[in-house]
Amino acid sequence: MAPVITPVDIRPEWENTLGRMPTRREDNERIALLQGTLDLLILKTLLFGACHGQGIARSIQRQSEEVFFVDHGSLYLALQRLEDSGMISAKWGASENNRKARFYSLTAKGRSELNNKADEWRRLTRAMNLILSLTGEEA
């Protein structure tokens, strides 16, 4: 039997419903993710090449096997924050449907930050797995 995958919504709880990608569950089922998770997902997505915002959101959704749904408002705030900090750069271009779009690229600073944050994430998940795998029984 295939495992049941529960979608994770990476929108802030206060976010309204305008402009977000469709989801398949109720808002009260959301799981809050750690601060900075969306930034890490964006940086990892851009490691594979320049992409526009909608493409980044679709890639995160697809790569997470439909578990992560990215709200456009949160996405574009994160993209602006990453651009302001010098981790990504942006330039205008034409999307696959010939519309004007900003294409984002990873900078050297962003690549370094991605490596650092990915290492932190691995340490965090290892520590969580160690704690969660404890049986509660004394040896």
Nearest-0.5 Å distance that lies between atom CD in E120 and atom OG1 in T125
11.5 Å
Between atom NE2 of H72 and atom CG of L77, what is the distance when rounded to the nearest 0.5 Å?
12.5 Å
Following the transitive rule for hydrophobic clusters with a side-chain heavy-atom cut-off under 4.5 Å over Ile, Leu, Val, Met, Phe, Trp and Tyr, establish whether L47 and L82 coincide in one cluster.
yes
Report the distance from atom OG of S59 to atom CD of Q63, rounding to the nearest 0.5 Å.
5.0 Å
If only atom types and distance count, is the side chain of S133 paired as donor or acceptor with the main-chain N or O of L130 below 3.5 Å?
yes
With a 3.5 Å distance limit and no angle check, can you tell me whether K91 reaches the backbone of S105 through a side-chain donor-acceptor pair?
no
Taking the side chain as every heavy atom from C-beta outward, state whether R58 and H52 have any atom pair closer than 4.5 Å.
yes
If you count the non-hydrogen atoms of other residues, nucleotides and ligands that lie under 6.0 Å from CG in N98, is the total more than 12?
no
Run the side-chain contact (heavy atoms from CB on, under 4.5 Å) test on L38 and S74 for me, step by step, so that the C-alpha distance in whole Å, both residues' side-chain angles and the decisive distance to 0.1 Å come before the verdict.
CA-CA 8 Å; L38 180 56; S74 298; 4.1 Å; yes
Beyond-backbone contact of L46 with C51, side-chain heavy atoms, under 4.5 angstrom
yes
Should D39 and R81 count as side-chain neighbours, where that means a heavy-atom distance under 4.5 Å?
yes
Any side-chain heavy atom of V70 within less than 4.5 Å of one from Q61?
no
Shared hydrophobic cluster for F68 and Y104 (ILVMFWY, side-chain gaps under 4.5 Å):
yes
I'd like to check D119 versus R122 (side-chain heavy atoms, cut-off strictly below 4.5 Å). Are they in contact?
yes
Heavy atoms, side chains only, cut-off 4.5 Å: are L106 and M87 in contact?
no
Below 4.5 Å, heavy atoms only, C-beta onward: do W121 and T37 meet side chain to side chain?
yes
To the closest 0.5 Å, what do you measure between CG (L114) and CZ (R111)?
8.0 Å
Kindly compute the distance separating CG (L75) from CD (Q54), expressed to the nearest 0.5 Å.
8.5 Å
Examine L124 and L132 and state if one hydrophobic cluster contains both, with Ile, Leu, Val, Met, Phe, Trp and Tyr joined whenever side-chain heavy atoms are less than 4.5 Å apart.
yes
Any chance you could lay out the side-chain contact (heavy atoms from CB on, under 4.5 Å) test for E113 and L43, step after step, and finish with the verdict?
CA-CA 8 Å; E113 182 71 5; L43 293 175; 4.1 Å; yes
R102 versus E83: any side-chain heavy-atom pair under 4.5 Å?
yes
Rounded to the nearest 0.5 Å, the OG atom of S85 sits from the NZ atom of K109 at a distance of 5.5 Å
Does either side chain, that of D84 or that of Q80, offer a donor lying less than 3.5 Å from an acceptor on the other one?
yes
